[in-house]
Amino acid sequence: MPWNMKDYPQSLKNFDPLVKKKAIDIANALLAQGYSPKKAIPIATEQAKKWHAEASSEERKAFDEHLTPKNQIVMTHEKTVS
């Protein structure tokens, strides 16, 4: 089951919202590739922290304005249903 900004692994609870959003995005991609949640969460967490540390302020702003993982799932579902 894909995660979103309201339903995500407990380990992301205290993260900066943008890091959390990126980690959810990465974790969902890993789950779609067949990773187990047990493996996807630590990989996504590490990569999201790295991305946040290395991303320019413009990149962070662009990602922050991008659809949330929840909205991406809904949009995909709507396209499928249409």
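What you see below is based on every heavy atom in this structure, not just the backbone, and it leaves out hydrogens, waters and symmetry mates.
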Supply the atom-to-atom distance [X] [atom1] to [Y] [atom2], rounded to the nearest 0.5 angstrom.
{"X": "Asp7", "Y": "Ile24", "atom1": "CG", "atom2": "CD1", "result": "8.5 Å"}
{"X": "Lys50", "Y": "Thr45", "atom1": "NZ", "atom2": "OG1", "result": "14.5 Å"}
{"X": "Ser57", "Y": "Asp64", "atom1": "OG", "atom2": "CG", "result": "12.0 Å"}
{"X": "Leu12", "Y": "Met5", "atom1": "CG", "atom2": "CE", "result": "9.5 Å"}

| message | List the residues meeting side chain to side chain contact (heavy atoms under 4.5 Å, CB included) with Ala27, not counting sequence neighbours, and say none if there are none. | response | Trp3, Ala44
Identify the heavy atoms of [X] and [Y] that sit nearest to each other, and give their distance.
{"X": "Ile26", "Y": "Ala48", "result": "CD1-N, 3.9 Å"}
{"X": "Phe15", "Y": "Val19", "result": "CD2-CG1, 3.5 Å"}
{"X": "Leu30", "Y": "Ala40", "result": "CD1-O, 3.7 Å"}

| Pairs satisfying side chain to side chain donor-acceptor pair (under 3.5 Å), at least one member in residues 8-18, at least two apart | Tyr8-Lys20
| Excluding sequence neighbours, so at least two apart, what forms side chain to side chain donor-acceptor pair (under 3.5 Å) with Glu58? | Ser56
Just wondering, do [Y] and [X] contact through their side chains at under 4.5 Å, heavy atoms?
{"X": "Asp25", "Y": "Phe63", "answer": "yes"}
{"X": "Lys22", "Y": "His52", "answer": "no"}
{"X": "Trp51", "Y": "Leu18", "answer": "yes"}

| Is the number of heavy atoms from other residues, nucleotides or ligands within 6.0 Å of CD (Glu59) greater than 12? | yes
